[in-house]
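First up is the structure itself, then whatever we jot down about it.
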Amino acid sequence: MRLSRYFLPVLKETPAEARVASHRLMLRAGMIKQQAAGIYSWLPLGFRVLRRIEQIVCEEQIRAGHIPMLMPTIQSADLWRESDRYDAYGPEMLRIQDRHDRELLFGPTNEEMITDIFRTHVTSYKNLPLTLFHIQWKFRDEIRPRFGVMRGREFFMKDGYSFDLTRKDAMHAYNRHLVSYLQTYERLGLQAIPMRAESGPIGGEDTHEFLVLADTGESIVYYDSAVTDIRLDQRLIDYDDVAQCQKIAQDFTAVYARTEETHDEEKYAQVPKDRQRCARGIEVGQIFYFGTKYSKPMGALVQTADGEMVPVHMGSHGIGVSRLVGAIIEASHDEKGIIWPEEVTPFHCGIINVKQGDVETDRLCDQLHEGINRLGLEALYDDREERAGAKFATADIIGLPWRVTVGPRGAKSGLVELESRRTGERQELLAEAVAPRIAQIYGVEQLSVVDNV
Ligand code: ATP
Ligand code: MG
């Protein structure tokens with residue numbers, strides 16, 4: 001992509017309203033534009049990152065055996081009256097009236113709707129277990145939207161709903177989600193710690209929140225530092241293996257880690273003093289088991305092998321996809337700008353032409369750009385008529401993990417410079433070695449394209 005033809009409205013000034021780094025940097029890097037309190041447009045660069053995170057979240061859910069679908073953003077109030085949540089949800093729910101004076105709402109979550117779908121189509125234990133999920137915009141009329149996309153009113157969420165015959169089966173769904181979430185955050189280059197939490201208006205018995213530790217986080221958490229040393233076993237996870245999922249979930253949840261709301265001083269006191277930690281965190285996901293809370297009042301029954309009709313056991317499981325964009329930046333930036341983890345970067349690398357208009361330099365940049373594209377990778381080529389300094393500053397703010405700098409001196413002998421945004425390490429190499437090197441970094445199979453034949 002040529003920057004001269006792209007839409008990247010980078011801001012020179014630091015916007016006054018942004019108090020945390022991720023909000024500031026997302027505005028400065030031209031990723032988002034606020035349209036109303038807590039409501040944002042996702043400009044092209046931000047949209048790319050959002051889509052990459054969505055893709056990873058989706059892939060990991062499918063890997064765990066969960067089935068994607070899509071429910072609407074607008075729901076009928078009547079459905080929410082069945083579960084008694086229409087009034088209970090309070091002022092956070094955006095209520096809407098259509099031209100026929102029918103009561104609608106912009107969905108803050110989808111338990112009622114999925115329970116309605118289930119009761120319409122599933123009647124037998126033979127169709128269980130079942131987990132359906134979607135990734136869709138939600139609206140919650142937050143009293144204090146802030147920190148950019150981290151606490152928006154409109155936000156993008158993956159919400160999945162599990163259906164099982166028994167509590168025991170439902171606990172497998174719970175553990176399976178816990179493991180798949182850990183796997184998801186790891187792929188996103190984040191460490192998120194599962195912590196015992198309180199259920200809130202969704203209601204439930206068992207629930208864990210996933211927190212990314214960050215000074216700017218809104219949650220206060222207490223944990224045993226040993227929990228940050230546990231690693232997901234890199235062996236292939238078999239999501240149908242009940243014992244394996246349970247074992248992994250237990251490894252993580254047996255260590256003391258709780259949000260402020262469920263913090264227990266007595267239990268915390270048993271953690272060795274030098275491992276006790278109180279910190280701030282960003283909630284990037286939550287899993288709930290809530291049994292028959294919705295299936296009973298809404299009549300979502302299934303027939304057991306004995307012919308009895310019983311309410312199905314449910315859980316709901318959410319990942320804050322749009323909040324993750326902010327959380328990743330909070331975890332990965334420096335004073336100059338964003339540092340994208342390779343897994344979610346909007347472009348694989350940047351190309352900087354330090355002397356636009358110099359024939360040799362332009363030609364080498366074009367070649368590099370094409371060579372990278374040909375490998376199925378994407379480069380953002382800064383071909384603007386700008387000073388080199390301005391190009392470097394833009395590159396620092398938008399934070400692509402790899403930068404190729406091409407100048408007239410090196411161009412004479414076909415040499416360019418490859419620099420890591422994270423470490424600042426630089427390496428001089430021949431232009432034709434760049435595309436294969438980038439492909440190797442990203443683990444992309446090289447196509448055996450024979451050039452100039
Ligand atoms: P919070 O306590 O932060 O208000 P919640 O517990 O009410 O969140 P859930 O119902 O658990 O939220 O939603 C699942 C996930 O959606 C959360 O873990 C979070 O990552 C994300 N999320 C919730 N509210 C918002 C919001 N206002 N803006 C952006 N993401 C959000
Ligand atoms: Mg939550």
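Remember, predicted model here, so these are calculated numbers, not experimental data. FYI, side chains are in, hydrogens and waters are out, and symmetry mates aren't considered; it's all heavy atoms of this structure. All ligand and atom numbering here is 1-based and tracks the order in the structure.
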Give me the atom names and distance for the closest heavy-atom approach of Q244 to D238.
OE1-N, 2.9 Å
Quick check on G285 - does any of its heavy atoms sit under 4.0 Å from an atom of ligand 1?
yes
Examine R63 relative to Y239 and say whether NZ or CZ is less than 6.0 Å from the centre of the six-membered ring and inside a 45° cone about the ring axis.
no
Considering only heavy atoms from C-beta outward, does the side chain of Y256 approach that of D264 to under 4.5 Å?
yes
Under the ring-ring contact (aromatic ring centres under 6.0 Å, His included) rule, what do H66 and H177 come out as? Steps first, then yes or no, please.
CA-CA 9 Å; H66 307 156; H177 277 89; 4.1 Å; yes
Compare all side-chain heavy atoms of F252 with those of L182 and state whether any distance is below 4.5 angstrom.
yes
May I ask whether T109 places a heavy atom under 4.0 Å from ligand 1?
no
Return the option from R151, R140, M150, R146 holding the heavy atom at the smallest distance from atom 3 (O) of ligand 1.
R151
Hey, is V149 one of the residues with a heavy atom under 4.0 angstrom from ligand 1?
yes
Under a 4.0 Å heavy-atom limit, does M157 contact ligand 1 with its side chain, its backbone, both, or neither?
side chain
Heavy-atom proximity to atom 22 (N) of ligand 1 ranks first, among F155, F210, F147, for F155
Hey, is E82 close enough to R119 for a salt bridge, meaning N to O under 4.0 Å?
yes
Between E283 and ligand 1, find which residue part has any heavy-atom pair under 4.0 Å and reply side chain, backbone, both or neither.
both
Hey, is the Mg ion (ligand 2) within less than 2.8 Å of some N/O/S atom on Q286?
yes
Any N or O on S322 sitting closer than 3.5 Å to an N or O of ligand 1?
no
May I ask you to decide whether E342 forms a salt bridge with R422, counting only side-chain N to carboxylate O separations under 4.0 Å?
no
Which atoms from ligand 1 have a heavy atom of V284 less than 4.0 Å away?
18 (O), 20 (O)
Going by the 4.0 angstrom heavy-atom rule, the piece of R153 near ligand 1 is neither
Option passing side chain to side chain contact (heavy atoms under 4.5 Å, CB included) with F133 (candidates I62, I67, I114):
I62
E283, N/O/S atom nearest the Mg ion (ligand 2):
OE2
If we only count N/O pairs under 3.5 Å, is E209 in contact with ligand 1?
no
Answer yes when R85 and E111 have at least one side-chain N-carboxylate O distance shorter than 4.0 Å, and no when they do not.
yes
